[in-house]
Amino acid sequence: MKLRLFAFVILCFALTSCQQIIDNYWDRKEEENFTSSYMGVYKGNYSGDETGTLTMEVSDKGYVTLTKVSPTGSETHTSGIAREDGALQSVALPSGFTLYGNLITKSGTWKTGILKGNWSVVKQ
């Protein structure tokens, strides 16, 4: 009797594990086929306590490469993503310059240290 119960429990566990493997496979396939709605190049300006130009390149997977050109120089870095709702998540440069906003409105705010302001871009 104990052997049958043990075998039943092992069988249930094996079937559950197989289903998880199958689910993970299909999740990975879905991610591979994903293309961001915001893919492309966006160019614009930022203003406030500092002014300059911005270029954002959104990859097919939603990763953002940000280039900021200011009177003191330029900086480029890939960080963060454009989420499916258009919100920018963790889009920042190593200097601390961080964008907050949305690609639906193509605008938002920026902050670096105590400096802050607004930004806007146009899809090219």
Side-chain angles (χ1 to χ4, degrees):
M1 184 66 177
K2 286 184 179 181
L3 184 59
R4 284 187 182 181
L5 178 62
F6 180 72
F8 177 74
V9 169
I10 294 297
L11 180 62
C12 289
F13 179 73
L15 291 175
T16 301
S17 295
C18 289
Q19 186 61 46
Q20 287 177 330
I21 291 169
I22 292 168
D23 289 345
N24 287 342
Y25 170 80
W26 289 113
D27 287 346
R28 280 193 306 271
K29 279 294 190 190
E30 190 175 304
E31 287 176 13
E32 288 172 10
N33 295 329
F34 171 78
T35 299
S36 173
S37 306
Y38 303 100
M39 184 174 100
V41 176
Y42 299 78
K43 292 186 177 191
N45 300 300
Y46 70 97
S47 60
D49 295 333
E50 180 180 290
T51 60
T53 62
L54 295 174
T55 301
M56 282 189 277
E57 185 172 345
V58 180
S59 74
D60 61 339
K61 301 299 181 206
Y63 299 109
V64 178
T65 300
L66 175 64
T67 300
K68 174 185 83 126
V69 178
S70 69
T72 59
S74 67
E75 186 176 13
T76 300
H77 188 66
T78 301
S79 75
I81 61 168
R83 297 187 335 203
E84 271 308 289
D85 63 359
L88 297 179
Q89 180 177 330
S90 304
V91 176
L93 295 170
S95 64
F97 183 89
T98 304
L99 293 183
Y100 305 94
N102 194 296
L103 287 180
I104 292 174
T105 61
K106 298 177 191 70
S107 63
T109 60
W110 63 269
K111 184 176 181 183
T112 182
I114 61 170
L115 305 177
K116 60 186 181 210
N118 298 307
W119 64 268
S120 65
V121 292
V122 174
K123 189 170 184 182
Q124 302 298 295

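In this structure, the side chains of Lys61 and Ser36 stay at 4.5 Å or more apart for every pair of heavy atoms.
Heavy atoms only, all atoms of each residue included: Val58 and Tyr42 are closest at CG2-CE1, 3.8 Å.
Applying the side chain to side chain donor-acceptor pair (under 3.5 Å) test to Thr78 and every residue at least two apart in sequence or in another chain returns Thr65. For Ser120, the side chain to side chain donor-acceptor pair (under 3.5 Å) test picks out no residue, with sequence neighbours left out. Residues that satisfy the side chain to side chain contact (heavy atoms under 4.5 Å, CB included) test with Val69, not counting sequence neighbours, are Thr53, Thr67, Ser74.
Sequence neighbours left out, not one pair with a member in residues 53-76 passes ring pair (Phe, Tyr, Trp, His ring centres under 6.0 Å). Residue pairs that meet the salt bridge (charged side-chain N to carboxylate O under 4.0 Å, His left out) test with at least one member in residues 105-124, sequence neighbours left out, do not exist here.
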Which side-chain N or O atoms in residues 96-103 pair as donor and acceptor under 3.5 Å with protein atoms at least two apart or in another chain?
| from | atom 1 | to | atom 2 | distance (Å) |
| --- | --- | --- | --- | --- |
| Thr98 | OG1 | Gly96 | O | 3.0 |
| Asn102 | OD1 | Ile104 | N | 2.6 |
| Asn102 | ND2 | Asp85 | O | 3.4 |

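Ion pair Glu50/Lys68 flagged as a salt bridge, since at least one NZ, NE, NH1 or NH2 atom sits closer than 4.0 Å to an Asp/Glu carboxylate oxygen.
Within the 3.5 Å criterion, the main-chain N or O of Gly40 finds no donor-acceptor partner in the side chain of Glu57.
In this structure, CG in Leu93 is found 8.5 Å from OG1 in Thr112, a value given to the nearest 0.5 Å.
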- After noting the C-alpha distance and the side-chain angles of Leu54 and Leu66, does the key distance pass the side-chain contact (heavy atoms from CB on, under 4.5 Å) rule? CA-CA 7 Å; Leu54 295 174; Leu66 175 64; 4.1 Å; yes
